[in-house]
Structure formats: C-alpha cells, structure tokens
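Quantities reported herein were computed from a predicted structural model and do not represent experimental measurements. Labels below follow one simple rule: chain letters A, B, ... track the order of the sequence lines, proteins then strands, and each chain is numbered from 1.
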Amino acid sequence: MRIATWNINSIRARAERALGVLDRWDLDVLLLQETKCKPEQFPAEPFEAAGYQVAAAGLNQWNGVAIISRIGLDNVEIGFPGQPGFAKEDGAGALLSEPVVEARAIRARVGTGSRGIDVWSLYIPNGRSYNDPHFRYKLEFLRRLRAAVGEQLAADPARRILLAGDWNVAPEDTDVWDIDFFRNDVGMYVTDEERAVFNAFGKPGTGTEGDFAGPALTELTRGADGADYTFWDYQRLRFPKNHGMRIDFGWASPELADLFAAAHIDRDERKGKGASDHVPVIMEFDAEA
DNA sequence: ATGCCAACGGAACGTTGA
C-alpha cells in the first residue's frame with residue numbers, strides 16, 4: 001500500500017499533475033495541503049473517474065486540505081479537538097476579531113483491511129517571523145495536535161494513525177540548504193521552540209499534570225530516497241541550485257510504523273512548467289489495502 | 001539539465017507563502 005503527502009499549492013491549478021502523481025506512484029491515498037479552495041470548488045470529477053473518493057476542507061482561497069483515496073474514505077472529520085484558531089491582533093496584542101479555526105486538518109479512515117488506517121492531512125501554520133502572532137499560533141497548533149492524537153492513542157494504543165503533511169519545521173540543520181542563513185536571516189523553521197514541539201511527536205506522553213498521554217510516534221520519511229529536500233522556493237533559482245528545505249513529514253503510530261517499508265521523495269515533480277514548490281513524499285507499507 | 005515567484009480574488013494590485 002502506498003500513501004503520499006503533498007503540498008500542492010492549489011488543486012485547481014494542478015489537478016492534472018495530481019492525477020499524474022497518483023498514476024506514477026500507483027497511490028492508494030494522497031493527502032493534499034494548500035488546496036486553496038472551498039470543497040464545492042474542488043475538481044473532484046477527474047479523481048472520481050480514476051476510481052478515487054475525495055474529502056476536502058476549505059473556508060476560502062487560503063490553506064485547504066484534502067484526502068483522495070481509492071481504498072475507502074470513511075469517518076471524515078475536519079479539524080481536531082482543541083485545534084486553535086487565529087485571531088487578528090492590534091500592535092498591543094488585543095484581539096481585533098474572533099479566532100478563526102482554519103482549514104488545516106482533515107482526517108479519514110481509509111483501508112478495507114482488518115482495522116484500516118486513520119490518515120490525517122495537515123498543514124501546520126507558517127510562523128512568519130519570531131515576534132509575529134503567527135509564530136505563537138504555530139507552536140500552539142502543534143502542541144494541541146500532539147495532545148489530541150495522544151489522547152486517541154492512549155484510548156486505543158493499537159490504532160493505526162498517520163499524521164502527514166507540511167509541518168513548516170526543519171527538524172535537523174541539514175534540512176535546510178544553509179543553516180546559518182536560516183538562523184540569522186530567515187529566523188523561522190529552525191528554532192528550538194519549533195523543533196521541540198515537532199520532536200514531541202516522537203516521545204511518549206506521561207498523561208500527568210496536563211501533559212499529553214499515549215505512546216511515541218515514528219517519523220517515517222527521514223531515510224527517504226530521491227532527494228534531501230521536499231520544498232524549493234520559486235524565487236532566486238532555488239531549485240536549479242538545490243537550495244531547498246525538508247519540511248514535509250509523516251508520523252506513524254506504533255502499529256502502523258511496524259508496517260512501514262520505504263519512503264520516497266518525488267523530486268522530478270518539482271521540474272517543468274506549473275510545478276508546486278513542494279514535491280510529493282511517498283510512504284510504502286507492507287500491508288494489503 | 002531543473003531556470004530567475006505563483007495563486008488567489010477580482011479585474012489593479014494586495015495578501016500569502018517559505
């Protein structure tokens with residue numbers, strides 16, 4: 001079985017490329033981020049014609065996540081318990097609007113096997129800059145996500161869960177093309193705070209004093225072949241110079257991690273006219289759909 | 001070679017992303 005995650009940067013602009021990715025990798029499930037449309041605007045027909053089902057979430061032209069599956073698509077849920085919203089603030093930190101829970105998480109049960117897999121397509125907020133409210137929003141989003149998944153796994157440790165998407169975190173210094181540039185000039189994706197909340201997914205919870213519960217998850221894509229990065233900015237020849245970032249990952253619960261076989265980064269998808277700035281990351285499992 | 005930012009809404013250009 002093959003599941004891929006991809007920040008497609010508009011499904012309407014790249015539906016043909018998505019169909020090509022499904023075919024090229026013989027995918028059972030494709031988790032999309034930055035679909036940039038409402039569900040009623042999602043071009044579902046060509047995917048349905050190819051034998052897939054589609055579930056999409058989107059409030060407007062920003063964000064947007066979706067799940068495309070040919071092995072079943074049930075129990076769709078948009079968002080997660082405790083998912084924080086974002087509220088505009090004035091310069092003093094006073095809220096100028098009610099928080100909006102953005103379209104950054106969608107979950108579904110896929111697979112007709114014995115237990116199925118709960119797959120999540122996740123688009124973690126970009127923190128923008130260290131002193132921007134979006135940075136605190138990003139950290140809180142990750143903390144709350146870890147808690148929500150921990151609670152589910154504590155209740156059912158055998159559950160097969162995959163959390164995949166665009167995490168907007170570079171966990172290792174080698175996950176960016178120039179760590180000094182990112183530390184000193186970009187100031188985002190590589191901070192200790194971001195790495196701590198990202199790495200918390202790989203640690204068990206204690207379930208005490210407000211800490212989350214449940215077992216550690218396993219990140220599946222670290223040893224992927226195909227490329228060192230999953231994103232190359234459109235500007236300044238970043239792709240031809242291989243000045244990229246690795247920020248797309250997949251965390252698996254213990255029972256799913258046991259089935260993991262291999263991961264691939266589809267670097268070729270970054271080539272040519274009309275490419276997304278991210279490429280698909282494919283995860284293979286030793287399991288029948 | 002892989003090539004100098006792109007998509008959105010809305011109809012010019014501001015917002016957003018990373």
Applying ring-ring contact (aromatic ring centres under 6.0 Å, His included) to A:Phe141 and not counting sequence neighbours gives A:Phe80

Pairwise N/O distances under 3.5 Å, protein to nucleotides 9-15 of chain B:
{"residue": "B:dG9", "atom": "OP1", "partner": "A:Arg12", "partner atom": "NH2", "Å": "3.3"}

The residue, A:Ala13 or A:Ile124, whose nearest nucleotide of DNA chain B is more 5′ is A:Ala13

Whole-Å distance, A:Lys138 NZ to B:dT16 P, equals 16 Å

Contact check, residues 269-279 of chain A vs DNA chain B, heavy-atom distance under 4.0 Å, returns A:Lys271, A:Gly272, A:His278

* Touch check for A:Asn63, heavy atoms < 4.0 angstrom, all strands: base, sugar-phosphate only, or nothing? -> nothing

Taken to the nearest whole Å, CG/A:Asn7 to C1'/B:dG17 is 9 Å

So is A:Arg246 actually on top of A:Tyr229's ring, under 6.0 Å and inside 45° of the axis? no

Separation of B:dT2 atom C1' from A:Ile265 atom CD1, nearest Å, is 16 Å

In whole Å, what separates the P atom of B:dA18 from that of B:dA7? 14 Å

- Message: Closer than 3.5 angstrom, by distance alone: can the side chain of A:Thr221 be matched with the main-chain N or O of A:Ala224 as a donor-acceptor pair?
- Response: no

Correct closest heavy-atom pair for A:Ile78 and A:Ala56 would be CD1-O, 4.2 Å

Looking only at B:dA7, B:dA18, B:dC5, the nucleotide nearest the A:Tyr234 side chain is B:dC5

Would A:Arg2 pass as a cation-pi partner of A:Trp25, given that its NZ or CZ must be under 6.0 Å from the six-membered ring centre and within 45 degrees of the axis?
no

Residue set satisfying ring-ring contact (aromatic ring centres under 6.0 Å, His included) with A:Tyr234, at least two apart, ordered chain then number -> none

Under 6.0 Å between ring centres: does that hold for A:Tyr123 and A:Trp62? no

When rounded to the nearest 0.5 Å, the distance separating CG of A:Asp266 from NE2 of A:His278 is 14.5 Å

A:Asp233 atom CG is separated from B:dA6 atom P, nearest whole Å, by 10 Å

Margin query: Hydrogens and angles aside, do A:Gln33 and A:Asp166 bring a side-chain donor and acceptor to less than 3.5 Å of each other?
Written below: no

**Prompt:** Contact class for A:Tyr229 vs. all strands (heavy atom < 4.0 Å): base, sugar-phosphate, or nothing?
**Reply:** nothing

Q.
Quick check on B:dA7: is either OP1 or OP2 less than 4.0 Å from any side-chain nitrogen or oxygen of A:Arg14?
A. yes

A:Leu59 atom CG is separated from B:dC8 atom P, nearest whole Å, by 16 Å

Are there over 12 heavy-atom neighbours, none belonging to A:Glu193, within less than 6.0 Å of that residue's CD?
yes

Note: for A:Ser10 and A:Asn168 on DNA chain B, the residue whose nearest nucleotide lies more 5' is A:Ser10

Taken to the nearest whole Å, CH2/A:Trp167 to P/B:dG17 is 18 Å

So, with a heavy-atom separation below 4.0 Å from DNA chain B, the residues of residues 181-196 of chain A are A:Tyr189

Listed pairs under 3.5 Å, donor-acceptor, residues 39-53 of chain A side chains, sequence neighbours left out:
{"residue": "A:Gln41", "atom": "OE1", "partner": "A:Lys38", "partner atom": "N", "Å": "2.9"}
{"residue": "A:Tyr52", "atom": "OH", "partner": "A:Leu27", "partner atom": "O", "Å": "2.6"}

So, is A:Asn9 near the phosphate of B:dA6, with a side-chain N or O under 4.0 Å from OP1 or OP2? no

- Query: Distance between the C1' atoms of B:dG10 and B:dT15, in whole angstroms?
  - Reply: 13 Å

Atom CZ of A:Phe135 and atom P of B:dA18 are separated, to the nearest Å, by 15 Å

In whole angstroms, the gap separating C1' of B:dA6 from CZ of A:Phe239 amounts to 16 Å

**OP:** Decide if atom CZ of A:Arg144 counts as having more than 12 heavy atoms of other residues, nucleotides or ligands within a radius under 6.0 Å.
**Re:** no

